[in-house]
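We name chains A, B, ... by the order of the sequence lines, and we start the count at 1 in each one. Keep in mind it's a predicted model, so treat the numbers as computed, not measured. What's counted below: heavy atoms across the whole structure, side chains too, no hydrogens, waters or symmetry copies.
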Protein chains: 2
Amino acid sequence: MVRRAASDNGEPRPTTIRDVAAHAGVSVATVSRILSGNYPSAPATRTRVLRAVRELDYVANAHARGLAGASSRSVAIIVNSVVSPHYAHVAQGVQTQAAVEGKLCIVGTTGGDAERELATVQLMRQEHAECVILVGNVVADDAYRERMVEYARALALAGSRLVLCGRPTLGPDVPALVVEYDNTGGAHAITSHLLSAGHRRILFLGRRDGYSTQESRIAGYRKALADHHVPHDPGLEVEGTMERGEGYRMIRERLAAGPRDFTAVFAGNDLIAAGARQALREHGLRVPDDISLVGFDDLPPAADIDLTTVHVPHEELGRTAVRMALQRARDKSGAPEHVMLGTHIVIRDSVRPLIHADPPAR
Amino acid sequence: MVRRAASDNGEPRPTTIRDVAAHAGVSVATVSRILSGNYPSAPATRTRVLRAVRELDYVANAHARGLAGASSRSVAIIVNSVVSPHYAHVAQGVQTQAAVEGKLCIVGTTGGDAERELATVQLMRQEHAECVILVGNVVADDAYRERMVEYARALALAGSRLVLCGRPTLGPDVPALVVEYDNTGGAHAITSHLLSAGHRRILFLGRRDGYSTQESRIAGYRKALADHHVPHDPGLEVEGTMERGEGYRMIRERLAAGPRDFTAVFAGNDLIAAGARQALREHGLRVPDDISLVGFDDLPPAADIDLTTVHVPHEELGRTAVRMALQRARDKSGAPEHVMLGTHIVIRDSVRPLIHADPPAR
DNA sequence: GCGGTGCGTGTAACCGTTTACTGTCGGCTA
DNA sequence: TAGCCGACAGTAAACGGTTACACGCACCGC
């Protein structure tokens, strides 16, 4: 069947590689090769083809390319939410590196729901993204883990690499790359900072179970206490989710329940710290004069409220994830499988040395 | 050529629709129809096919689908940056609505650069996204506008709809949908709020030229002054970009330049307001006791600093953009082309009535 | 008993690329 | 001058779906 020329019927359609080939008087293979770049071609032909591309305003169809070619030229990122600064910064890193490598960036959100996360991974599987970057924690029961392992295998089979970004591995024999950051070290450092300032009763606000980043942070907190020979009081670890409102609630309830038995607060992230700060202020306690407060993440609220916190290299995390995955696609053997990025504390103005011992009530 | 079965050679590959068809003992057409949903099919066949899909862990190849089918099932959003709360919230809305409609979400970032924006639109054109949502302002020279119009036509030709989200239209005969929000009304309302509290000398912090949202906001500010018969002093309009640091800088420089000649500050957005607030505080001026301050956007920093501001329905903006575009894809005639979303002021604690007239120095 | 109807399914063309395999041609070597 | 080689370019077979068209068959009314 003869192919329609762009002008021979009423309905216009986007120009295809065949139109370009015809216009330049060459075959489609030649056009394809010249556009792909790295094939030998006569300068004259090359010029003719490029001129045809320009004159016809041709852009290649990504679906056809993805179908025929080996690679989809796209990178997928799956996060809890796009508005949460933590994820947004990682996503920014992913997007940046994707652009550098000439890849498209696809995003999916889960709202923290394990079921939606699994569904989104399937979606990305359909898409044959070159890599699927999973960011953030979900509470993982065994059924979830099992299905995720199955999906990880399927992804590997389809040629895309799964990258776990700041979350626990799936197991030794599951094909996945891991890029994480030093939660324990950061928590240790900032707890030590408080301890060095004389604080002994430090309230920890966050999650204890199921969320690996929080578990690591609390581990760092405990280890710092131990290293400084300060007895560990489980009663100082308060449980709450990672939102601003929860920080507010935790402090409110704690202060309502009895006399204050702590001189410093270590919030599991900056959002919680912001909420906690508000509750403290409403209770007449000013940071840092009356009480010291630190957070974790070094994200927007932190600078605004002069919070001493732990800096997490969020964008670098995203960039590294993409880089690792694509590097591994090129060179199966030489590329790293596991990267740990460092963290460091950022000192602002939310900690004061403890002058005289504030005797704990409890 | 006979098609390989999944097991007949060493290299495994993802299962295709043919594998499913073979496994279920039907033709590929039947599988495709059953999976697409809306075709009549015998219950027995249907069950067999679905079981085969499950047993073989089949997922359709999105590229093949996009190539063969009419629609790409994807939605594209192009923003300045993913970390900026304004864009992040719009993106969240887009993502949410895309998920509801079963579409994939592709994101591109421009960093505010017109050239990158154009390149990103081309990228989305390759992708044949069902709609391309452009958010945010760029300074538009004529060359830019001309190329964008050309791209808009090309997008329309390829069957995807361009949506301009909170940015000026491209012209009457350019195929594009527009969804915007009431900047002028919001600025008018919040300026009136200050005026009603007795303020007469209100410093405006923001951009005057080239950025349509800021231009609309300043127009609302001026109109409110006029409506309240307050003389307009161009000297009270301070020029700066939309970052936090700029708010800080503008206030610093203003206060350093001479005696304070204003009793309230209207910041072009909340970020600027946060920066301004810090500069004011460092200058010994407390908000709201010594000076009133309002912002625009109602984004995260606003609640933290108790800022009275204008609420912009960011997520709704994103959702509406997707909904409009897809609705229009279904029904070319009946769908709206232009939507204006309302804004309203949110009163917190950053404005105080002016008790006695603070005589302007200038 | 026969054409009509409609449901359910199969056949195969097509979507727009990439790329393995062939072919051509000019120039160089022996 | 024959033979070979390398540089370019063309032919056509994939890639994995969707869907127009054709077809078989059960059931209907006459």
A:D19 atom CG is separated from C:dG16 atom P, nearest whole Å, by 9 Å
Atom CG of B:L56 and atom P of D:dG17 are separated, to the nearest Å, by 12 Å
In whole angstroms, the gap separating P of C:dG16 from CG of A:L35 amounts to 16 Å
Discussion item. Any non-hydrogen side-chain atom of B:V26 less than 4.5 Å from a side-chain atom of B:R48?
Written reply: yes
Taking atom types as modelled, is there a side-chain donor on B:E101 or B:Q97 under 3.5 Å from an acceptor on the other?
-> yes
Given D:dC15, is OP1 or OP2 found less than 4.0 Å from the side-chain N or O atoms of B:T16?
-> no
Looking only at C:dT17, D:dT18, C:dT9, the nucleotide nearest the B:I17 side chain is D:dT18
Per the under-4.0 Å heavy-atom filter, residues of residues 61-71 of chain B near DNA chain C come out as B:L67, B:A68
N/O (side chain, B:T30) to phosphate O (OP1/OP2, C:dT9) under 4.0 Å | no
Query raised in the report: Going by distance alone, is a donor N or O of one side chain under 3.5 Å from an acceptor N or O of the other, for A:Q122 and A:R125?
Result: yes
Exercise for the section: Return no unless some side-chain N or O of B:S41 is found under 4.0 Å from OP1 or OP2 of C:dC7. Expected result: no
Looking at the base of D:dG10, is there any donor atom on it, or on the side chain of A:R33, that sits under 3.5 Å from an acceptor on the other one? yes
- Query: Can a donor-acceptor pair be found between the side chains of A:Y144 and A:E115 at a distance below 3.5 Å?
  - Reply: no
For this session: Look at A:S27 and D:dT11 and indicate whether a side-chain polar atom (N or O) is within less than 4.0 Å of OP1 or OP2.
Result: no
Q) Within the structure shown, what part of the strands sits under 4.0 Å from A:S36 by heavy-atom distance: base, sugar-phosphate, or nothing? A) nothing
In short, B:A325 meets B:C131 closest at the heavy-atom pair CB-CB, 3.4 Å
Would the number of heavy atoms belonging to other residues, nucleotides or ligands and lying under 6.0 Å from CD of A:E146 be above 12? no
Margin query: Is the shortest side-chain heavy-atom distance between A:T16 and A:D19 below 4.5 Å?
Written below: yes
From CD1 of B:I34 across to P of D:dT19 the rounded distance in Å is 15 Å
Rounded to whole Å, CD of A:Q126 lies from C1' of D:dG17 at a distance of 12 Å
Quick one: do A:E337 and A:R161 satisfy salt bridge (Lys or Arg N to Asp or Glu O under 4.0 Å)? Show the steps, please. CA-CA 11 Å; A:E337 303 197 305; A:R161 278 144 297 279; over 6 Å; no
Atom CZ of A:R18 and atom P of D:dA12 are separated, to the nearest Å, by 13 Å
With the side chain counted from C-beta on, respond yes when A:V121 and A:I78 share a heavy-atom pair under 4.5 Å apart, and no when they do not.
yes
In whole angstroms, the gap separating C1' of C:dT17 from CZ of A:R13 amounts to 14 Å
Nearest-nucleotide check on DNA chain D, A:V28 vs A:R46; residue mapping nearer the 5' end is A:R46
Think B:Y39 has a side-chain N or O under 4.0 angstrom from the OP1 or OP2 of D:dA20?
no
Q. So, A:S71 and A:E130: side-chain donor and acceptor under 3.5 Å apart, yes or no?
A. yes
Whole-Å distance, A:H128 NE2 to D:dC15 P, equals 13 Å
Rounding to the nearest 10°, end axes of the helix from C:dG1-D:dC30 to C:dA30-D:dT1 built from five pairs each make an angle of 50°
Per nearest nucleotide of DNA chain C, the residue lying toward the 5' end, B:T45 or A:V31, is B:T45
Result for 5'-nearest mapping on DNA chain C, choosing between A:A29 and B:A29, is B:A29
